[in-house]
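To keep things clear, I will list the structure first and then write my remarks on it.
Each chain gets a letter, A, B and so on, in the order its sequence line appears, and its residues count up from 1.
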4 protein chains.
Amino acid sequence: MKERIREQSIQLFAKKGFKETSIQDIVDALKVTKGTFYYYFSTKEQLLNDIHLQYIDDLLNKQEDIINHPSKNSKMKLHEIVYMLISDIEKQGQSALVFFREMRNLSEENLKLIVPKRDQFRLNIQQLIEHGIEKEELRSDLPVDIVTLSILGMTNWSYFWFDPNGRVNDKEVSEIFLKIVLEGLEK
Amino acid sequence: MKERIREQSIQLFAKKGFKETSIQDIVDALKVTKGTFYYYFSTKEQLLNDIHLQYIDDLLNKQEDIINHPSKNSKMKLHEIVYMLISDIEKQGQSALVFFREMRNLSEENLKLIVPKRDQFRLNIQQLIEHGIEKEELRSDLPVDIVTLSILGMTNWSYFWFDPNGRVNDKEVSEIFLKIVLEGLEK
Amino acid sequence: MKERIREQSIQLFAKKGFKETSIQDIVDALKVTKGTFYYYFSTKEQLLNDIHLQYIDDLLNKQEDIINHPSKNSKMKLHEIVYMLISDIEKQGQSALVFFREMRNLSEENLKLIVPKRDQFRLNIQQLIEHGIEKEELRSDLPVDIVTLSILGMTNWSYFWFDPNGRVNDKEVSEIFLKIVLEGLEK
Amino acid sequence: MKERIREQSIQLFAKKGFKETSIQDIVDALKVTKGTFYYYFSTKEQLLNDIHLQYIDDLLNKQEDIINHPSKNSKMKLHEIVYMLISDIEKQGQSALVFFREMRNLSEENLKLIVPKRDQFRLNIQQLIEHGIEKEELRSDLPVDIVTLSILGMTNWSYFWFDPNGRVNDKEVSEIFLKIVLEGLEK
DNA sequence: AATGAATGAGCCTTCATTCAT
DNA sequence: AATGAATGAAGGCTCATTCAT
């Protein structure tokens with residue numbers, strides 16, 4: 001039941017927003033009552049925190065699996081992370097939407113746990129790029145942090161427009177992204 | 001007073017969110033009373049709509065000024081648009097934040113006016129790139145719409161992290177963005 | 001202007017109710033501003049009181065004109081009063097509606113002036129009937145006050161349904177009423 | 001609790017009017033809180049609608065019981081309906097007051113259900129009179145609809161003045177009404 | 001585990017009224 | 001005579017949360 005509440009809430013938060021979704025909305029959708037909700041979650045924010053943690057933990061795990069792979073170079077790993085992010089939209093894009101959009105509804109307390117993980121995800125990419133520079137796979141004349149943020153901008157923004165059933169699929173989008181970022185648009 | 005309410009509201013909406021900001025918060029900050037608010041705005045959503053319109057109209061104007069300039073090529077114009085967006089963060093970054101984040105709080109009715117303008121901004125960039133391809137300034141083997149969205153992702157996402165007083169200034173950030181996008185990261 | 005405000009208010013009060021009509025509604029309909037309203041009336045209730053007084057005074061005047069006529073008998077005078085009430089609906093039925101329906105919005109203070117006049121109107125009819133009984137025009141075995149109230153019920157209620165442009169006109173309605181009251185329905 | 005809210009509201013609506021009675025007034029009188037009110041009724045109008053429906057349904061039921069009685073003539077049935085209405089004042093006169101006075105506070109939507117029932121009640125009386133005319137119990141030279149409305153005027157108006165504890169009781173008032181209507185006042 | 005009645009704080013909005021000009 | 005900005009109290013309604021069962 002706890003899992004069902006979490007899933008349903010992600011759908012509703014993604015569609016209507018955290019504040020705009022009432023506990024009543026959630027329990028109505030599950031055909032249970034408010035008491036049930038409060039049996040599993042102490043507050044509404046607690047639920048949001050749960051969703052955030054689950055999402056970022058899962059993402060970090062997947063990222064580390066990719067990074068720790070021994071026999072691949074940095075460019076390949078970067079490619080895989082971008083693909084992982086884009087392909088994730090189909091499976092749990094709504095979690096991502098909630099993650100990006102509703103973080104401000106968490107208390108200071110809860111943010112202390114989430115923000116470092118979010119930063120970790122970014123820093124992992126940054127290290128990957130630094131590694132690529134060391135190995136002379138990538139150019140060295142640009143500030144790595146800004147480069148990282150530009151790549152994350154591309155991918156994160158796609159949560160707002162990417163349509164898994166659209167003309168261009170997840171694999172193609174991540175390849176286009178990589179081509180732009182690695183090769184550039186200039187002729 | 002109408003302008004003061006708008007300004008103050010942008011600050012608060014950016015900081016706390018639209019739903020999370022009460023009319024009381026707004027009028028308290030201005031040391032007036034709720035009646036005053038409703039003398040100038042018929043509803044809270046009306047105010048949000050005002051803010052959206054003002055922002056996107058201003059943006060479209062600036063963009064068209066750049067695009068209509070006769071003696072510059074597509075790459076230069078693209079550079080100027082990106083710089084315009086980044087440098088804007090300092091002056092009205094909070095408007096942008098509100099624009100991106102709170103659009104879902106507008107009614108169908110109001111969205112009908114805003115969404116086409118937002119799309120127009122994107123399509124203008126897309127046409128610029130198509131122009132650059134025709135003139136053989138830019139490579140032609142990537143889908144232009146996705147390319148456009150990737151650039152917008154980069155720039156729009158910077159609203160969440162760019163600090164005008166940080167280590168790297170607006171001019172530098174936009175140059176880095178352009179280098180990545182045009183030249184690529186590969187060595 | 002004072003008169004225009006009064007007229008417009010009667011229309012609006014009749015249509016939407018006293019509480020449901022705002023000062024703004026009134027001044028909007030007259031294309032003036034709220035300041036103007038408060039130049040002529042000190043409060044909203046003051047206006048309502050004015051309307052009540054004007055209506056009941058006018059009614060009492062008309063009634064006394066009829067009653068004081070020397071050469072008519074009680075039945076004829078009763079007939080004329082009933083006709084006066086019904087035909088009034090066309091000219092100032094909305095005032096009557098407001099009078100009956102909105103009296104509860106007057107303060108104790110103001111009621112002290114209105115209620116005695118309303119009672120006077122009823123007592124005048126009662127005396128007329130008593131006169132008719134004395135003159136042996138009317139039967140004497142029924143309590144005069146109840147009889148009076150039953151006639152007033154008939155006429156007052158017609159404010160809710162009588163349509164001056166309907167199948168049966170004011171003259172006919174008052175004749176029917178008199179026939180029922182005087183002759184009865186029995187065959 | 002739902003029933004208690006309904007009862008208390010009828011008292012207050014009758015005394016002060018629908019618009020003039022706040023939810024706060026209602027819950028204060030019951031020593032509960034506003035939340036409780038909205039647990040049972042979705043809006044204030046919903047409550048008013050409930051009250052209307054309950055009243056008119058009850059009235060229609062009673063009326064039909066009388067009309068469907070096999071062994072009585074039209075005059076007797078008319079008498080019983082009038083008596084039913086007057087005697088009802090003691091038990092639920094306040095409901096009647098609310099019914100007559102506050103109908104305009106219902107939305108179009110809700111009126112669609114109420115108005116036909118109110119009309120049905122009138123038409124049932126009208127048919128009763130038509131029946132009486134056919135059976136030659138009643139005179140046939142007056143328009144039946146106006147006659148019906150005049151009788152309803154008498155009875156309905158009594159809600160504004162009839163005092164169950166007054167000099168004349170419900171039985172007597174209804175007998176007086178019937179005598180006037182059937183026999184007339186003329187000597 | 002789950003229900004459902006009840007709470008209370010807070011929200012958006014309305015509106016009669018005031019007052020300087 | 002009339003305006004228009006501003007007030008402040010009150011109203012209808014929402015909703016996260018509590019708690020006895």
**Study point:** Parallel, tilted or perpendicular: ring planes of D:His52 versus D:Phe99, cut at 30 and 60 degrees
**Key:** tilted
Point to revise | Audit row: D:Ser107, D:Asn110, side-chain contact (heavy atoms from CB on, under 4.5 Å) steps and yes/no | key: CA-CA 5 Å; D:Ser107 63; D:Asn110 283 328; 3.6 Å; yes
Partner nucleotide, any strand, of [N] [Watson-Crick/G-U, under 3.5 Å]:
| N | value |
| --- | --- |
| F:dA1 | none |
| F:dA9 | E:dT14 |
| E:dT7 | F:dA16 |

Between [atom2] on [N] and [atom1] on [X], what's the gap in Å once rounded to a whole number?
| X | N | atom1 | atom2 | result |
| --- | --- | --- | --- | --- |
| C:Glu45 | E:dC15 | CD | P | 18 Å |
| D:Asn105 | F:dG11 | CG | C1' | 14 Å |
| A:Phe18 | F:dT14 | CZ | C1' | 15 Å |
| D:Lys19 | F:dG12 | NZ | P | 8 Å |
| B:Met1 | E:dA20 | CE | C1' | 16 Å |
| A:Ile23 | E:dA2 | CD1 | P | 16 Å |
| B:Leu47 | E:dC12 | CG | P | 11 Å |
| C:Tyr39 | E:dA20 | OH | P | 17 Å |

Exercise for review: Check A:Arg104 against B:Glu20 and note the closest heavy-atom contact, atom names and distance.
Suggested key: NH1-OE1, 3.0 Å
When you measure from the side chain of [X], which nucleotide among [options] comes out closest?
| X | options | value |
| --- | --- | --- |
| B:Tyr40 | F:dA6, E:dA6, F:dA16 | F:dA6 |
| B:Thr43 | F:dA2, E:dC11, E:dT13 | E:dT13 |
| C:Tyr38 | E:dT18, F:dA16, E:dA2 | E:dT18 |

Review point. Can the positive tip of D:Lys19 be found less than 6.0 Å from the middle of the six-membered ring of C:Phe18, inside 45° of the ring normal?
Key: no
Check your understanding: Is the closest basic N to carboxylate O distance between A:Glu3 and A:Arg6 below 4.0 Å?
Key -> yes
Review point. Counting any heavy atom closer than 4.0 Å, what does D:Thr36 reach on the DNA or RNA strands: base, sugar-phosphate only, or nothing?
Key: base
**Study point:** Validation row, ring centre D:Phe160 to ring centre C:Trp157 under 6.0 Å
**Key:** no
Revision key, fill the gap. Sorted by position of nearest nucleotide on DNA chain E, 5' first, the leading residue of C:Glu20 and A:Phe37 is A:Phe37
Study note, to complete from the structure: Result for 5'-nearest mapping on DNA chain E, choosing between D:Lys34 and C:Lys34, is D:Lys34
Review point. Taking side chain as C-beta onward, heavy atoms only, is A:Leu30 less than 4.5 Å from A:Ile5?
Key: yes
Check your understanding: In residues 24-33 of chain A, what residues come within less than 4.0 Å of DNA chain E, judged by heavy atoms?
Key -> A:Val32, A:Thr33
